[in-house]
Amino acid sequence: MLKQNLQQKLLQKLSPQQIQFIKLLQVPTVSLDTRIKEELEENPALEDMSLTNINEPEEQYPDRDPDDDNYDSDHEGGEMDEFNIDDYLQDDSVNDYGSRYDNNGDDDDDRKEIPIAVQSSFFENLQAQLDLLPLSDHDFAIGRQIIGSLDDDGYLRRPIMSLTDDLAFSQNVMAEDEEVEDMLKVIQSFDPPGVGARTLQECLLIQLRRKDANDPIIKKAILVVEHYLEEFTRKHYDKLEKSLNMNSDELRGVVNEILKLNPKPGDSNEVSTKQMQVIPDFHIKNNDGVLILTLNSKNAPELKVSRSYQEMFQHYDKASQKDKKLKEAVQFVKQKLDSAKWFIDAIKQRQQTLLKTMNAIMQYQYDFFLTGDDKNLKPMILKDIADRIGMDISTVSRVANSKYVQTEHGTFLLKSFFSEAIQTESGEEVSNKEVKKILEEHIGKEDKRHPLADEKLTEILKEAGYNIARRTVAKYREQMNIPVARLRKEL
């Protein structure tokens, strides 16, 4: 039996402009240039004033495909009489960006980017070592396949049988599993030591076996890794002393030797290439106790609507006869002009939102920005800032999760200024970051032979006036990536 129901739903649909703004708001400064260049390439009606030379004729973008358009085409050609060219005309002498968000003398020289040193990659280094060996073409092909199959940590995590199949199908090289295994042993003799291992245990053993085989400490270290690796990783040192008949001094020497080894040999040459460059979105300067906030100039591009497209639109609009072809041309030009105008408005809105949000955070955490002391951080949640600036929590979240501020005390992700409140015995509310700082300090100066358990840390905090539960202490410790007391133990 069929039934008919009448339901009323409240739906909120975002306009294309709102979606564009939200996407731009999430883009970090380091990626904003790329995003703007993409828009400039896609839309010939948009221009970057900083790149425009007034002595050169304006480019007409003849190679652009009119069908390459991501915006609505709902308007029909018959509506072109409603177009108003004044909506798009701008005074080229007015800079809507630089004058409004001037850096107040914030010299770019203070923020020079640090270049990354050019160096050979991990895989190029291994290939260079392979090139030096007197190998047959057959063995060379196997060695190259093995190197190409290593992961970024320097491990071979694929089965030998898979490598044999790859050689046969992709390179027409017929090899036996034993030949691949033999060639893997050759790769394992390369630098950095431990490369080509299939497990952590094999990686550590390769490194130990390249040391002095007559050293009794090395012999015992090999024995520990070979037969007691789990006990070692869990720091069950008493079991190791008993099983290997060692005293504490001998075990200390063995443990120190193993800790010198590199569990990820592939990382040794890749450190600099994996570091992501952070370009701050804001700068805060302390001018004799008065904080001055500026927006990074990279966030303020000098964009404008193309004058040639404005004139083209004006010419089409004044045409006495408007056939179908002309209507299509007018529609295309209008879409590009709309698109350029929306993008410029979204960039402006992005700047205003960034400044508004960061200014509210700076005012809220004024004492911290003056001193740089974590203990001066007030409890602050997203709603506190959202209420101050009259914006949605999700907007504040998008800014906080992807933007950085440079201060005289360091460069910080905005998200790091948000924290929950903890109430002290006196009834005062403090940031949980203050509690974490105290935990970090006590763990940092603990006796590593007898590290502080969570119960003891809870007692220390209670004595300092912070009445929190042991499970909360454990949660904060885990958030700071600090292991439990047993795993912090040293001999």
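Index from 1, following the sequence.
With hydrogens and angles disregarded, no donor-acceptor distance shorter than 3.5 Å links the side chain of Ser162 to the backbone of Arg158. Checked by atom type and distance alone, the side chain of Glu179 pairs as donor or acceptor with a backbone atom of Glu176 at under 3.5 Å. A donor-acceptor pair is defined here as one N or O able to donate and one able to accept, closer than 3.5 Å; such a pair exists between the side chain of Ser416 and the backbone of Leu413. Side-chain N or O atoms of Asp153 include none that pairs as donor or acceptor with a backbone N or O of Gly266 at under 3.5 Å. For the pair Tyr366 (side chain) and Leu291 (backbone), a donor-acceptor distance under 3.5 Å is present. Between the side chain of Thr353 and the backbone N or O of Gln349 there is at least one donor-acceptor pair closer than 3.5 Å. At distances below 3.5 Å, at least one donor-acceptor pair connects side-chain atoms of Gln129 with backbone N or O atoms of Asp191. Remark: side-chain polar atoms of Asp373 are not paired, donor with acceptor, to backbone N or O of Asn376 under 3.5 angstrom. Judged by distance alone, the side chain of Arg477 and the main-chain N or O of Ile482 form a donor-acceptor pair under 3.5 Å. Remark: side-chain polar atoms of Asn286 are paired, donor with acceptor, to backbone N or O of Gly289 under 3.5 angstrom.
Contact check for Leu32 versus Arg350: side-chain heavy atoms found under the 4.5 Å cut-off. In this structure, the side chains of Leu229 and Leu204 come closer than 4.5 Å at one or more pairs of heavy atoms. Using a 4.5 Å heavy-atom threshold, the side chains of Leu46 and Glu39 count as touching. Residues Leu126 and Leu130 fail the side-chain proximity criterion, which asks for heavy atoms closer than 4.5 Å. The shortest side-chain heavy-atom distance between Phe232 and Val255 falls under the 4.5 Å cut-off. Considering only heavy atoms from C-beta on, Asn172 stays 4.5 Å or farther from Leu167 through its side chain. Residues Pro379 and Asn432 have side chains not in contact (no heavy-atom distance under 4.5 Å, counting atoms from C-beta outward). Between Lys437 and His442 the shortest side-chain heavy-atom distance does not fall below 4.5 Å.
Of all heavy-atom pairs between Pro263 and Cys203, the closest is O-SG, 4.1 Å. Residue Tyr155 comes nearest to Pro265 through the heavy atom pair CE1-CD, 4.2 Å, listed as atom of the first residue, atom of the second, then distance. Summarising the geometry of Phe418 relative to Ala400, their closest heavy-atom pair is CE1-CB, 3.7 Å, with the distance given to 0.1 Å. Leu25 approaches Val399 most closely through the heavy-atom pair CD1-CG2, 3.8 Å. Nearest heavy-atom pair across Leu150 and Gly196 is CD2-CA, 4.0 Å. Here the closest non-hydrogen pair linking Ile22 and Arg398 is CG2-NE, 3.3 Å.
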Could you go step by step and tell me if Phe369 and Phe417 meet the ring pair (Phe, Tyr, Trp, His ring centres under 6.0 Å) rule?
CA-CA 10 Å; Phe369 288 114; Phe417 301 125; 5.0 Å; yes
List the steps and the verdict of salt bridge (Lys or Arg N to Asp or Glu O under 4.0 Å) for Arg252 and Glu250.
CA-CA 5 Å; Arg252 187 179 297 110; Glu250 287 178 308; over 6 Å; no
Does the side-chain contact (heavy atoms from CB on, under 4.5 Å) test come out yes or no for Ser149 and Leu156, once each step is laid out?
CA-CA 7 Å; Ser149 300; Leu156 179 67; 3.8 Å; yes
Could you go through Tyr476 and Ile468, starting from their C-alpha distance and side-chain angles, then the distance that decides it, and tell me whether this counts as side-chain contact (heavy atoms from CB on, under 4.5 Å)?
CA-CA 11 Å; Tyr476 290 166; Ile468 58 177; 4.3 Å; yes
What verdict does the side-chain contact (heavy atoms from CB on, under 4.5 Å) test give for Val435 and Leu461, after you've listed the backbone C-alpha separation in whole Å, the side-chain angles of each residue and the deciding distance to 0.1 Å?
CA-CA 8 Å; Val435 177; Leu461 286 172; 3.9 Å; yes
I'd like to know whether Asp384 forms a salt bridge (Lys or Arg N to Asp or Glu O under 4.0 Å) with Lys378, so could you lay out the CA-CA distance, the side-chain angles of the two residues, the decisive distance to 0.1 Å, and finally the verdict.
CA-CA 11 Å; Asp384 294 328; Lys378 296 179 184 176; over 6 Å; no
What verdict does the side-chain contact (heavy atoms from CB on, under 4.5 Å) test give for Leu135 and Met183, after you've listed the backbone C-alpha separation in whole Å, the side-chain angles of each residue and the deciding distance to 0.1 Å?
CA-CA 10 Å; Leu135 299 170; Met183 200 61 214; 3.5 Å; yes
Yes or no on salt bridge (Lys or Arg N to Asp or Glu O under 4.0 Å) for Arg198 and Glu181, after CA distance, side-chain angles and deciding distance?
CA-CA 12 Å; Arg198 286 158 287 188; Glu181 191 84 47; 2.8 Å; yes
What do the steps show when you test Asn401 against Ser397 for side chain to side chain donor-acceptor pair (under 3.5 Å), and what is the final call?
CA-CA 6 Å; Asn401 285 330; Ser397 176; 3.1 Å; yes
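Atom-to-atom distance recorded for Glu231:CD and Tyr237:OH is 12.0 Å, nearest 0.5 angstrom. For the atom pair CE of Met362 and OG1 of Thr407, the computed distance is 12.0 Å after rounding to the nearest 0.5 Å. Leu293 CG to Leu354 CG: the interatomic distance, rounded to the nearest 0.5 Å, is 10.0 Å. With rounding to the nearest 0.5 Å, the separation of CG in Asp182 from CD1 in Ile187 is 12.0 Å. For the atom pair CG of Leu355 and CZ of Phe282, the computed distance is 6.5 Å after rounding to the nearest 0.5 Å. Between the CG atom of Asp392 and the NZ atom of Lys383 there is a distance of 11.5 Å, given to the nearest 0.5 Å.
Annotation: Asp447, atom CG; neighbour count of heavy atoms from other residues, nucleotides and ligands within 6.0 Å is above 12. With a 6.0 Å radius and a threshold of 12 heavy atoms from other residues, nucleotides or ligands, Asp212 has its CG atom above the threshold. Taking a 6.0 Å sphere around CD of Gln479, one finds it holds more than 12 heavy atoms contributed by other residues, nucleotides or ligands. Within 6.0 Å of NZ in Lys356 there are 12 or fewer heavy atoms belonging to other residues, nucleotides or ligands. Residue-environment remark: CE (Met161) stays at or below the threshold of 12 foreign heavy atoms within 6.0 Å. Under a cut-off of 6.0 angstrom, the local environment of CZ in Arg234 is sparse, with at most 12 non-hydrogen atoms contributed by other residues, nucleotides or ligands.
In the model, Asp131 has a side-chain atom that pairs as donor or acceptor with a side-chain atom of Gln127 under 3.5 Å. In this structure, a donor-acceptor pair under 3.5 Å is present between the side chains of Gln145 and Gln171. Side-chain contact of His236 with Glu230: a donor-acceptor pair under 3.5 Å is absent, judged by distance alone.
Contact check on Glu257 versus Lys220 returns no salt bridge, with no Lys/Arg side-chain nitrogen under 4.0 Å from an Asp/Glu carboxylate oxygen. Ion pair Glu202/Arg209 not flagged as a salt bridge, since none of the NZ, NE, NH1 or NH2 atoms sits closer than 4.0 Å to an Asp/Glu carboxylate oxygen.
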